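All values below come from the heavy atoms of this structure, side chains included, with hydrogens, waters and symmetry mates left out. Note that this is a predicted model, so its numbers are computed, not measured. Positions are given from 1 along the sequence.
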Amino acid sequence: MLDQLWRELTDSRTLQQPRTFVRVFVDTADLEATTSWYERVLGLRRDMVMPYPEKNLTLTAVGGFLIIGGSAEALRPFRATAGTLLVSDIEPYLTRLRAEGAELVQQPFRAPVGNGVTVRHPDGSIIEYVHHRPG
């Protein structure tokens with residue numbers, strides 16, 4: 001199941017407000033057990049499985065948690081990012097973030113399920129903004 005893309009919400013354009021994800025980093029071997037643990041604790045089921053072979057990662061989402069599985073080496077570039085916001089469209093956020101002094105850590109990019117951008121807020125927090133689209 002973890003090797004096939006699956007999302008309950010395939011298009012984030014309908015979001016009225018951002019969905020905030022706390023990032024949890026685990027070894028690939030622990031991804032299923034960790035995801036199941038969050039499902040039991042929160043009383044929710046995962047609503048996303050996203051293989052990201054270009055980065056040697058697999059992501060799952062349970063409630064407000066984005067569980068990112070990979071090797072220590074594959075996870076290293078992503079650990080500095082404190083969280084992810086799933087938004088309706090990154091462009092308005094990008095405009096406001098630039099106007100408010102945020103620094104682009106990573107230029108806008110294409111992810112397997114949509115577009116994203118990683119920024120450093122003036123307080124130093126590194127946050128990824130993404131939108132999902134059908135595909």
[X] and [Y]: same hydrophobic cluster, using ILVMFWY side-chain contacts below 4.5 Å?
{"X": "Leu97", "Y": "Phe109", "value": "no"}
{"X": "Val105", "Y": "Tyr93", "value": "no"}
{"X": "Leu44", "Y": "Val24", "value": "yes"}
{"X": "Leu9", "Y": "Met50", "value": "yes"}
{"X": "Val87", "Y": "Ile127", "value": "yes"}

Pair Thr81, Glu128: side-chain N/O donor-acceptor within cut-off below 3.5 Å: no
Under 4.5 Å between any side-chain heavy atoms of [X] and [Y], yes or no?
{"X": "His132", "Y": "Leu86", "value": "yes"}
{"X": "His121", "Y": "Glu103", "value": "no"}
{"X": "Ser88", "Y": "Gln17", "value": "no"}

For the residue pair [X] and [Y], what are the closest heavy atoms and their distance?
{"X": "Glu91", "Y": "Asp89", "result": "N-OD1, 3.1 Å"}
{"X": "Ala111", "Y": "Tyr52", "result": "CA-OH, 4.2 Å"}
{"X": "Pro108", "Y": "Leu94", "result": "CG-CD2, 3.7 Å"}
{"X": "Lys55", "Y": "Ala74", "result": "O-CB, 3.7 Å"}
{"X": "Leu31", "Y": "Gly69", "result": "CD1-N, 4.0 Å"}
{"X": "Pro122", "Y": "Gly101", "result": "CG-O, 4.1 Å"}

Within 6.0 Å of CD in Glu100, more than 12 heavy atoms from elsewhere: no
Once rounded to the nearest 0.5 Å, what's the spacing between atom [atom1] of [X] and atom [atom2] of [Y]?
{"X": "Ile68", "Y": "Phe21", "atom1": "CD1", "atom2": "CZ", "answer": "10.0 Å"}
{"X": "Ile67", "Y": "Thr35", "atom1": "CD1", "atom2": "OG1", "answer": "4.0 Å"}
{"X": "Leu66", "Y": "Thr60", "atom1": "CG", "atom2": "OG1", "answer": "7.0 Å"}
{"X": "Tyr129", "Y": "Leu85", "atom1": "OH", "atom2": "CG", "answer": "5.0 Å"}
{"X": "Leu59", "Y": "Arg7", "atom1": "CG", "atom2": "CZ", "answer": "12.0 Å"}
{"X": "Arg120", "Y": "Leu104", "atom1": "CZ", "atom2": "CG", "answer": "11.0 Å"}

So does [Y] get a backbone contact from the side chain of [X], meaning a donor-acceptor N/O pair under 3.5 Å?
{"X": "Ser12", "Y": "Leu15", "result": "no"}
{"X": "Thr10", "Y": "Pro134", "result": "no"}
{"X": "Arg19", "Y": "Gly63", "result": "yes"}

Audit row: Leu57, Leu75, side-chain contact (heavy atoms from CB on, under 4.5 Å) steps and yes/no: CA-CA 8 Å; Leu57 302 173; Leu75 293 170; 3.7 Å; yes
side-chain contact (heavy atoms from CB on, under 4.5 Å) between Glu8 and Arg45, worked out: CA-CA 11 Å; Glu8 198 168 279; Arg45 63 182 181 86; 2.6 Å; yes
Charged N-O contact under 4.0 Å between Arg46 and Glu32: yes
Val62 and Asp47: CA distance, side-chain angles, deciding distance, side-chain contact (heavy atoms from CB on, under 4.5 Å) verdict: CA-CA 6 Å; Val62 180; Asp47 63 354; over 6 Å; no
Test side-chain contact (heavy atoms from CB on, under 4.5 Å) applied to Arg23 and Phe78, step by step: CA-CA 9 Å; Arg23 286 176 162 216; Phe78 300 94; 3.8 Å; yes
